[in-house]
Structures are given as structure tokens and as C-alpha cells.
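In what follows, chains are A, B, ... by sequence order, proteins preceding strands, each numbered from 1.
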Amino acid sequence: MKQSLRQMITCHWTAKRIQRYLDADPSAPLTAEEVARLEAHLAECERCTRVTEEHRVLHRALSLWPGAAVPDQRSVERVRSFLDELTDGSRS
Amino acid sequence: MDDARARAFREHVEPEIEVMLRVALSLTRERADAEDLVQESLIRALRALDSFDGRHPRAWLLTIVRRTHLNMNRRRRPDPVGDWDVLGDQRPAFGAGTAPSAEQAHLDATLSSRLTDALEDLDPKFRSVVVLVDVHDLSYAEAAAVLDVPVGTVMSRLSRARNRLRAALGPEFLTPGRPA
Ligand SMILES: [Zn+2]
């Protein structure tokens, strides 16, 4: 299928912003205009929609990745007790 | 230290204990060492409380964890390994930790092992960013604090890391329901 030059430019523009769009990180927010333009493009572009979906699935897979070092609850409790001692001890 | 300061400190720190332990565990890989690192970091944080502006406590605390880790390593070993080799070198500790939660069990085993391979193939500096942001759910600024790089560097590394992971996994793993 032949793409218009305009659409190619918008695909390129979109590709550069998809991750910021999905992350919605406070350090690098998109403007309301950028979000509107990006969402309008996703509504009509199959390829960019697929890329967006891949990023979503990748993020979800990473957030469930079993190789992540997850502290156990006892570690959390011990550090919390330590914090209590640290702050109580200096109170007297 | 008076009650108000003690309370303020505790309010900043308590919600961040788990994420501090996660980052510490990424750095040390040993649970006991991670606890030591966090406890030492808390002592330093308390000492530095006066210079903390009260905004972004997580980024502040993670910066202290990174610096404390570097200091402790310097003390222990005259020739420390590259600081971020460690973080980049995580391997799944199958069977070593707690049992996977019901939700974790849903990550398809094939995708999981492909993901581990793809992460291992990444350059450590790219891998560390993706582990902090996507695996441990840190913000760009918090990852920047842990890695001691500007936020822009976090963003560009993250973008490249994710695109490499997408390419390595391919659409058959990431969007299996869709026609290619
Ligand atoms: Zn497009």
C-alpha cells in the first residue's frame, strides 16, 4: 500500500513520542496538542498502533519478569524496625 | 533530633523502604548486603536531612543508596568492579526467592526466557535503565538519580533499549494475535 509523504512524516513524528506517551512520566510530558495529534494518528495508522501495542506488551512482560530482584517481606520489616530505632533513639 | 524532625524523616522514608531494597538488591545481589546498604543509607540520609528540600524523597534516597554503595565497595575492595556491571548483570534467581505471585505466573514461560536472553544481550548501560524503569517502575528522574546521569540520557538509553528488546523478541511474541 502506498503511503502519502504526509503520513510518513507523521509516523516518524509519532515514533519519536510513543514511549513518552505511554510512560506519561512527569519529567517529560507531552503537551495536550501532541497527545491529540498522536492519538488521531494512532486511530488511522495500523503500523504505529502495532508499535504502540508492542511497547505495551513489552512493558507488561518486563514488569512481570521473574528475574527481577524482589526483596522479601522480612527484609522490609527489618529495615522498618531499623528506621524506628534510628528515629526513636534520637528522640530522648 | 526532635519529634517533628524524626516524624518528617520517617514519613519520607517509610514508603520508600521497598524500592530502596529493590535497588540495593540490584546492586549487591545478596539480601543481607542489600539490607546493610539500605541501613547505612538511612543513617546517611538522616545526617543529610537538613540539606533535603522535601521534594522527590525517592530520588533523594536512591541517590544516597548509589553513593553509599560506591563508598562501601571502595572500602571493601581496592579494585571495585564497574559500578553498573552489577546492576546490568542480574540473572533470574529461580527458586531462590519467594514463590512467584499468581500474576507473575501468567508471564508465558517462553516469553520470559526469551526476555531474559534479550536482556542479557543488551549493553549493560542500556539494560540497567530498562531494569530500573520497566522492571522496578522508577520514574525517569529516579532512574537518573540511581545511575547518576541526566534525565535526557535515561530517556535516550531507555528508548534504544526498548526498541532493541522489541526487535529481539519480534511481533510473534509481542502481538501474537495480530496478523503480521
Ligand atoms: Zn503511523
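For the set B/Val151, B/Val130, B/Leu115, the count of heavy-atom pairs under 4.5 angstrom toward chain A peaks at B/Leu115. Per-residue counts of heavy-atom pairs under 4.5 Å with chain B were compared for A/Arg56, A/Lys16, A/Glu54; the largest is that of A/Glu54. Counting heavy-atom pairs closer than 4.5 Å to chain A, the top residue among B/Leu111, B/Ile43, B/Val154, B/Val133 is B/Ile43.
Residue B/Met20: no heavy atom, backbone or side chain, is found under 4.5 Å from chain A. Heavy atoms of B/Ala34 lying under 4.5 Å from chain A are absent altogether.
Under the 4.0 Å criterion applied to side-chain N and carboxylate O atoms, B/Asp134 and A/Arg60 are not assigned as salt-bridge partners.
Among the candidates B/Arg7, B/Arg5, B/Arg10, the single residue satisfying the side chain to side chain contact (heavy atoms under 4.5 Å, CB included) test with A/Thr87 is B/Arg10.
Interatomic distance, B/Glu14 CD to A/Leu83 CG, rounded to the nearest 0.5 Å: 6.0 Å. Taken to the nearest 0.5 Å, the OG atom of A/Ser75 stands 12.5 Å off from the CZ atom of B/Arg22. To the nearest 0.5 Å, the span separating CD on B/Glu35 from CG on A/Asp72 amounts to 7.5 Å. Once rounded to the nearest 0.5 Å, the distance linking CG of B/Leu174 with NE2 of A/His59 reads 13.5 Å. Note that CG of B/Leu46 and CG of A/Leu86 are 5.0 Å apart. Values are rounded to the nearest 0.5 Å.
Between A/Asp23 and B/Tyr140 the shortest heavy-atom distance is OD2-OH, 2.5 Å. The nearest pair of heavy atoms linking A/Arg20 to B/Met155 is CD-CE, 3.6 Å. Heavy-atom minimum distance, B/Glu18 versus A/Val76: CG-CG2, 4.3 Å. Between B/Ile17 and A/Arg80, the shortest heavy-atom contact is CD1-CA, 3.8 Å. Residues A/Pro71 and B/Leu25 come closest through the heavy atom pair N-CD2, 3.7 Å.
Cluster partners of A/Leu38 are A/Trp13, A/Ile18, A/Tyr21, A/Leu22, A/Leu30, A/Val35, A/Leu42, A/Val51, counting Ile, Leu, Val, Met, Phe, Trp and Tyr whose side-chain heavy atoms approach within less than 4.5 Å, directly or via other members.
Looking at heavy atoms from C-beta onward, B/Ser112 lies in side-chain contact with A/Pro66 at the 4.5 angstrom threshold. For the pair B/Phe173/A/Val57, no side-chain contact is recorded, criterion being any heavy-atom separation below 4.5 Å from C-beta on.
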Original post:
Is there a side chain to side chain contact (heavy atoms under 4.5 Å, CB included) between A/Leu62 and B/Leu119 once you walk through the steps?
Top reply: CA-CA 10 Å; A/Leu62 284 164; B/Leu119 282 165; 4.1 Å; yes
**OP:** For B/Val38 and A/Phe82, run side chain to side chain contact (heavy atoms under 4.5 Å, CB included): C-alpha distance rounded to whole Å, both residues' side-chain angles, the deciding distance at 0.1 Å, then the answer.
**Re:** CA-CA 10 Å; B/Val38 171; A/Phe82 179 81; over 6 Å; no
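A/Trp65 and B/Thr116 are linked by a side-chain donor-acceptor pair at a separation below 3.5 angstrom, with hydrogens and angles left out of the test.
Contacts between residues 158-169 of chain B and chain A, counted as heavy-atom pairs separated by less than 4.5 Å, involve B/Leu158, B/Ser159, B/Arg162, B/Asn163, B/Leu165, B/Arg166, B/Leu169.
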